[in-house]
Amino acid sequence: MNVLVINCGSSSLKYQLINSDSEAVLAKGLCERIGIDGSRIVYQPAGGEKEVTESPMPTHQQAIQLVLDALMNEKTGVIKSLSEVEAVGHRVVHGGEKFAKSVVIDDEVLAAVEACNDLAPLHNPANLIGIRACQELMPGVPMVAVFDTAFHQTMPEKAYLYGIPYKYYEEDQVRRYGFHGTSHSFVSKETAAFLGKNVEDMKIIVCHLGNGASLSAVDHGKSVDTSMGLTPLEGLIMGTRSGDLDPAILEYLGKKHNMDLPALMNMLNKESGVYGLSGDLSSDFRDLEDAAAANNPAGIRARNAFNYRVIKYIGAYAAAMNGVDAIAFTAGVGENDALVRKDICANLGYLGVEFDEEANNVRGKDALISKPSSKVAVVLIPTNEELAICRETVALV
Ligand code: ADP
């Protein structure tokens with residue numbers, strides 16, 4: 001079955017057409033600047049050249065039409081007609097408490113996703129626009145919503161409640177939801193499979209370290225805690241997001257610099273993280289590494305603070321699960337940055353981690369990076385959210 005996987009943002013849209021039998025990506029790409037001047041579509045068929053075409057896309061529907069046209073293009077297309085797209089899997093950011101797993105989309109589901117818009121005002125409305133545009137262009141094709149929050153719905157109350165008046169949970173649904181769920185689910189299963197074990201017999205900590213970053217504690221296949229919260233701002237120090245902080249900082253800085261809440265939130269989301277810590281040097285770990293190698297203290301302090309936060313969370317999650325069998329690194333930084341992995345694992349000896357520096361010189365493929373005698377296995381497992389969405393879609397249609 002061919003599954004079109006769509007990740008729709010407010011002005012961009014990523015897509016992949018995947019054959020679910022072979023799990024091969026037939027074509028992939030993205031549309032950028034939807035609704036803005038200078039929009040363009042990037043299209044790459046498997047084994048072919050990447051094509052970039054400037055084309056007006058005033059709406060998401062026009063963007064998706066261009067994707068379908070590219071997929072069916074006589075010369076470079078990978079399908080002959082629309083009937084070869086047999087299902088569509090949509091990434092949806094927030095499913096609130098309503099969705100603990102992926103679902104086939106119908107009117108009721110759309111209304112329930114819309115009811116979660118308040119919880120993710122930047123993401124859910126864009127996800128809904130993408131779904132509705134696909135429904136218009138591909139009537140009758142089954143569509144599935146795969147939620148970033150769903151995997152973490154198994155967290156116990158003690159992990160998802162904040163220490164604030166309970167009425168804010170009851171009346172306003174303020175609680176920890178967690179994100180990157182599709183990745184944490186995929187990587188925990190792959191980790192167990194790679195180690196020749198059953199995920200239901202293991203305690204796994206997944207370190208999803210990308211521009212956005214989160215950790216999860218996966219106990220016997222279920223997420224029991226994760227570092228992102230009501231929104232993706234909590235937890236680790238990220239590319240440009242602050243992660244955990246004393247909430248009183250908001251009042252203190254707001255008064256001192258006459259900043260209102262939107263300005264403060266912008267600072268925490270866009271100007272903080274390793275970018276802010278490095279004195280606006282960069283949010284990209286490659287630049288921070290170059291800076292650190294040149295003894296630039298800005299690069300060194302940003303990386304050290306990032307690593308330290310991950311180390312603390314690993315300790316917390318080993319405690320939460322009363323043990324850990326495997327620690328998995330994934331996403332842009334986790335898959336590519338050997339030094340970050342090494343510096344984090346240097347503090348995990350107390351857990352029985354025996355790190356293998358030589359095996360750690362690896363990038364972007366499944367690998368064991370601890371010694372065979374290590375009490376806790378440390379692995380690198382590339383994430384693949386599109387494939388995970390494809391698998392979920394096939395399972396439901
Ligand atoms: P997101 O999906 O949250 O945007 P990714 O998982 O794609 O993020 O991670 C992107 C980040 O990965 C980059 O900002 C960069 O810091 C890091 N990264 C990518 N390649 C490398 C590399 N070769 N070495 C170190 N870091 C890398």
Side-chain angles (χ1 to χ4, degrees), residues 5-16 28-30 32 42 91-93 120 122-123 126-127 146 148-149 178-187 190 206-216 226-228 231-243 269-278 280-294 296 298-307 309-310 328-345 360-365 367 369 380-389:
V5 175
I6 298 277
N7 180 355
C8 187
S10 56
S11 67
S12 70
L13 181 153
K14 290 190 202 143
Y15 64 92
Q16 283 193 6
K28 64 179 179 180
L30 76 157
E32 292 173 303
V42 180
R91 175 185 183 222
V92 178
V93 167
L122 294 179
H123 296 102
N127 300 153
V146 180
D148 256 25
T149 48
F179 297 86
H180 292 144
T182 311
S183 176
H184 287 290
S185 166
F186 179 85
V187 172
E190 292 288 310
V206 177
C207 309
H208 178 112
L209 310 179
N211 206 10
S214 67
L215 252 72
S216 67
T226 191
S227 58
M228 284 178 168
T231 76
L233 183 56
E234 194 184 348
L236 302 177
I237 292 173
M238 310 185 208
T240 63
R241 286 177 232 157
S242 64
N269 274 303
K270 306 248 169 81
E271 299 166 3
S272 298
V274 290
Y275 172 77
L277 272 172
S278 67
D280 300 359
L281 186 70
S282 178
S283 63
D284 193 306
F285 274 71
R286 286 162 285 200
D287 301 333
L288 297 176
E289 214 118 280
D290 290 346
N296 178 339
I300 296 169
R301 74 170 168 259
R303 283 207 15 207
N304 284 349
F306 174 89
N307 292 342
R309 184 74 56 90
V310 177
F329 286 95
T330 195
V333 180
E335 290 168 28
N336 292 297
D337 198 320
L339 198 57
V340 163
R341 293 193 300 262
K342 180 181 158 200
D343 287 350
I344 290 168
C345 290
N360 185 44
N361 281 325
V362 61
R363 148 169 314 172
K365 61 170 190 180
I369 56 173
L380 187 172
I381 303 285
T383 192
N384 191 338
E385 289 167 276
E386 289 79 12
L387 179 58
I389 292 173

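Source: prediction; values computed, not measured. For ligands, and for the atoms within them, numbers begin at 1 and follow the listed sequence.
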Asker: Need the ligand 1 atom indices (1-based, order shown) with element for anything under 4.0 Å from a heavy-atom of Val333.
Answerer: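 Near Val333, meaning under 4.0 Å from one of its heavy atoms, ligand 1 has 12 (O), 16 (O), 17 (C).
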Asker: State whether any protein heavy atom lies less than 4.0 Å from atom 12 (O) of ligand 1.
Answerer: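 Within 4.0 Å of atom 12 (O) of ligand 1, protein heavy atoms are found.
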Asker: Please walk me through it: do Val187 and His208 pass side-chain contact (heavy atoms from CB on, under 4.5 Å)?
Answerer: CA-CA 9 Å; Val187 172; His208 178 112; over 6 Å; no
Asker: Using a 3.5 Å distance criterion without hydrogens, assess whether the side chain of Asn127 forms a donor-acceptor pair with backbone atoms of Val93.
Answerer: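 It does hold such a pair.
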Asker: Can Ser10 and Leu122 be said to form a side-chain contact (heavy atoms from CB on, under 4.5 Å), step by step?
Answerer: CA-CA 7 Å; Ser10 56; Leu122 294 179; over 6 Å; no
Asker: What is the nearest protein non-hydrogen atom to atom 15 (C) of ligand 1, stated with its residue, atom name and distance?
Answerer: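 Its nearest protein heavy-atom neighbour is Asp284 OD1, 3.4 Å.
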Asker: Is there a side-chain contact (heavy atoms from CB on, under 4.5 Å) between Thr330 and Glu335 once you walk through the steps?
Answerer: CA-CA 5 Å; Thr330 195; Glu335 290 168 28; 3.2 Å; yes
Asker: What protein heavy atom lies closest to atom 3 (O) of ligand 1? Include the residue and the distance to one decimal.
Answerer: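 Protein heavy atom at minimum distance: Gly212 N, 3.0 Å.
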Asker: Quick one: closest heavy-atom pair of Ile389 and Arg91, and the distance?
Answerer: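 It is CD1-CB, 3.8 Å.
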Asker: What residue and heavy atom of the protein are closest to atom 18 (N) of ligand 1, and at what distance?
Answerer: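 In this structure, atom 18 (N) of ligand 1 has Gly332 O, 3.6 Å as its nearest protein heavy atom.
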Asker: Looking at atom 21 (C) of ligand 1, what's its closest protein heavy atom, distance included?
Answerer: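 For atom 21 (C) of ligand 1, the nearest protein heavy atom is Asn336 CB, 3.5 Å.
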Asker: Kindly say whether Asn336 contributes a backbone atom to a donor-acceptor pair with the side chain of Arg363 at under 3.5 angstrom?
Answerer: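 Flag set: sc Arg363 to bb Asn336 pair under 3.5 Å.
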Asker: What protein heavy atom sits nearest atom 1 (P) of ligand 1, and how far away is it?
Answerer: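 Ranking protein heavy atoms by distance from atom 1 (P) of ligand 1, first comes Asn211 CB, 3.7 Å.
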Asker: What protein heavy atom lies closest to atom 26 (N) of ligand 1? Include the residue and the distance to one decimal.
Answerer: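 Scanning the protein heavy atoms, the shortest distance from atom 26 (N) of ligand 1 goes to Phe285 CB, 3.7 Å.
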Asker: Quick one: look up the protein heavy atom nearest atom 24 (N) of ligand 1 and list residue, atom name and how far away it is.
Answerer: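 Here the closest protein heavy atom is Arg286 CG, 3.4 Å.
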Asker: Please identify which of these residues, Asp343, Ile237, Val274, meets the side-chain contact (heavy atoms from CB on, under 4.5 Å) condition with Arg303.
Answerer: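 The side-chain contact (heavy atoms from CB on, under 4.5 Å) with Arg303 is passed solely by Asp343 among Asp343, Ile237, Val274.
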Asker: If you measure from each non-hydrogen atom of Glu289 to ligand 1, which part falls under 4.0 Å: side chain, backbone, both or neither?
Answerer: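 No part of Glu289 comes within reach of ligand 1.
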